[in-house]
Amino acid sequence: MKFTSQAVAKPYFIFAMVLFAGQLLFGGILGLQYIIGDFLFPYLPFNVARMVHTNLLIVWLLFGFMGASYYLVPEECDTELHSPLLAKILFWVFAFAGVATILGYLLVPYAELAEITYNNLLPTMGREFLEQPTITKIGIVVVCLGFVYNIGMTILKGRKTVINMVLITGLIGLAVFFLFSFYNPSNLALDKYFWWWTIHLWVEGVWELILGAILAFTLIKVTGVDREVIEKWLYVIIGMAIISGLIGMGHHYFWIGPGEYWLWLGSIFSALEPVPFFMMVLFAFKMVRERRHEHGNKIAVTWALGTAVMGFLGAGVWGFIHTLAPVNYFTHGSQITAAHGHLAFFGAYVMIVLTIISYAMPIMRGRPHGNPLVAQKVEAVGFWFMCLSMLGITLALTVAGAYQVALQRLPEDAQALSFMATQDKLMPFYWVRLAFGGTFIVGVLAYFASFFVASKQAALENQVEEEIGAEQPAVCCGSCS
Ligand code: HEM
Ligand code: HEM
Ligand SMILES: [Fe+2]
């Protein structure tokens with residue numbers, strides 16, 4: 001570690017992993033509830049479990065982005081973090097607010113939660129992904145402001161690299177677009193319209209900048225390729241992401257009320273959105289091919305390449321298949337959407353956080369060249385289990401979605417099956433999804449286990465070194481020099 005203040009990233013990463021485990025527990029429960037409709041009812045209704053699953057995902061990704069920024073910005077700026085203390089305080093504030101909110105979801109009926117958190121004063125609750133009580137949303141804004149301030153001040157006093165600039169632009173965008181979650185007009189069309197300003201402009205806009213910056217940082221570190229080369233790529237990637245994403249947002253405006261011209265604008269611009277994701281694949285593989293040195297942390301390289309590939313598949317390919325208006329007319333809100341949501345979130349954002357953790361954690365734990373080989377092998381098992389299982393989940397849901405469209409959406413009204421009758425027919429695919437959910441969790445457990453294997457192996461190696469050291473003369477004999 002170049003700067004001691006980088007160590008504030010550690011609790012962020014560890015807590016992110018704890019929440020990740022929680023997210024998957026609820027994913028598993030949801031998968032089961034799809035098959036056994038009243039599983040855990042009335043203690044944990046589907047809508048509550050779903051809210052916990054998706055909210056935990058967003059919150060742990062935010063913890064991951066914050067940890068990543070605290071780790072990489074001091075190194076990029078070549079200076080200590082502006083205020084490690086502020087970073088530590090904000091960690092506890094965010095962790096407390098996050099845990100309290102999840103407990104609120106689980107212990108109190110949602111309407112009551114709205115009442116006791118005074119949602120009536122500034123109503124913001126009740127919308128997918130933005131279910132948090134208003135007070136939690138205010139907490140998130142405070143944490144984000146403090147975080148952006150801390151990172152911003154560090155950048156101001158230090159070296160200004162392209163990676164820093166792209167990252168801080170993404171982080172400011174993240175904070176700004178979250179403000180739309182406070183705008184909750186009673187007109188449903190307007191409400192949905194601006195809901196996407198947070199939802200879409202995050203994942204298909206500013207988060208892509210954060211993704212690009214973290215990926216570029218990791219690639220520079222593990223390949224030793226010239227910064228200038230990486231920076232040129234980064235400019236083009238983020239330029240394409242912003243241009244295509246801002247108007248591509250129109251693919252969410254097809255059926256909610258805004259003008260018909262969005263059918264064209266949304267289709268054409270969002271069809272360009274896969275381009276930056278594809279460029280990330282080319283970029284990552286080119287950097288690794290032209291690497292200047294072999295980094296000891298091989299599994300971090302695998303994660304970086306994996307992020308590019310899986311992000312492209314999830315966002316680029318699975319985004320494209322339902323983004324054109326004539327297709328989306330039939331697939332809107334079907335299992336195709338869920339297939340894409342899973343692979344895109346996993347491939348792009350889950351994996352980039354796991355990438356930076358894989359690179360930075362060994363360094364923060366005193367192993368600059370990566371974990372011992374056995375630990376890297378265990379981590380690789382985790383990598384492959386997670387990636388293949390998520391592809392399995394995605395394929396199961398894609399087939400379910402196509403079948404759903406065929407039974408429920410394509411036929412004329414009189415012949416079309418009802419929603420619930422269609423769901424019954426999709427049961428086998430939900431079993432497959434559940435099975436892959438199980439293997440996904442096995443992968444995550446292997447990933448977690450690699451941390452413990454690393455400590456154990458390192459302790460063993462130290463012990464051996466000490467024993468050998470004890471047998472050697474304390475003063476160097478000079479024969480080796
Ligand atoms: C990493 C980036 C991305 C993530 C994390 C992501 C995630 C999601 C999620 C979770 C939804 C469901 C939202 C809801 O609850 O209704 C969604 C919807 C959608 N996404 Fe993405 N997405 C990404 C990129 C893309 C790209 C690049 C495209 C197009 C090429 C795309 C096309 C769509 C479309 C058309 C919908 C609407 C589906 C419907 O009508 O039901 N997405 N996305
Ligand atoms: C890193 C792994 C995961 C990520 C990133 C993730 C992400 C998501 C997202 C974004 C949604 C909302 C989808 C939408 O609105 O279209 C969702 C819903 C859901 N997830 Fe996951 N999830 C993960 C793991 C799992 C696992 C392992 C399972 C279980 C097998 C699971 C089961 C579900 C179910 C059943 C829903 C509700 C879908 C619906 O409303 O129809 N998820 N997840
Ligand atoms: Fe979108």
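For the numbers below, each heavy atom of this structure counts, side chains included, while hydrogens, waters and symmetry mates do not. Source: prediction; values computed, not measured.
Side-chain atoms of Glu379 and Trp303 include a donor-acceptor pair closer than 3.5 Å. If you check the side chains of Asn184 and Trp195, you find no donor sitting under 3.5 Å from an acceptor. Thr323 and His251 share a donor-acceptor pair across their side chains, judged by distance under 3.5 Å alone. Side-chain polar atoms of Tyr149 and His82 form a donor-acceptor pair below 3.5 angstrom. There is no side-chain donor-acceptor pair under 3.5 Å between Ser181 and Thr198. Side-chain N/O atoms of Tyr403 and Gln335 include no donor and acceptor closer than 3.5 Å. Of the N and O atoms on the side chains of Thr101 and Gln132, not one donor lies less than 3.5 Å from an acceptor on the other residue. Counting only N and O atoms by type, the side chains of Thr218 and Thr355 include no donor and acceptor under 3.5 Å apart.
Between Tyr70 and Tyr12, the ring planes lie tilted relative to each other; the angle falls in the 30° to 60° range. Ring planes of Phe178 and Trp202: parallel class, angle under 30° (limits at 30 and 60°). Taking the six-membered ring where the residue is Trp, Tyr359 and Phe217 present perpendicular rings, their angle passing 60° and hence far from 30°.
Remark: the backbone N or O of Ser186 is not paired with any side-chain donor or acceptor of Asp191 at under 3.5 angstrom. With hydrogens and angles disregarded, a donor-acceptor distance shorter than 3.5 Å links the side chain of His342 to the backbone of Ala338.
Taking the ring centroids of Trp197 and Phe194, they lie under the 6.0 Å cut-off.
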Salt bridge (charged side-chain N to carboxylate O under 4.0 Å, His left out) between Lys160 and Glu76, worked out: CA-CA 8 Å; Lys160 288 147 197 78; Glu76 279 294 294; over 6 Å; no
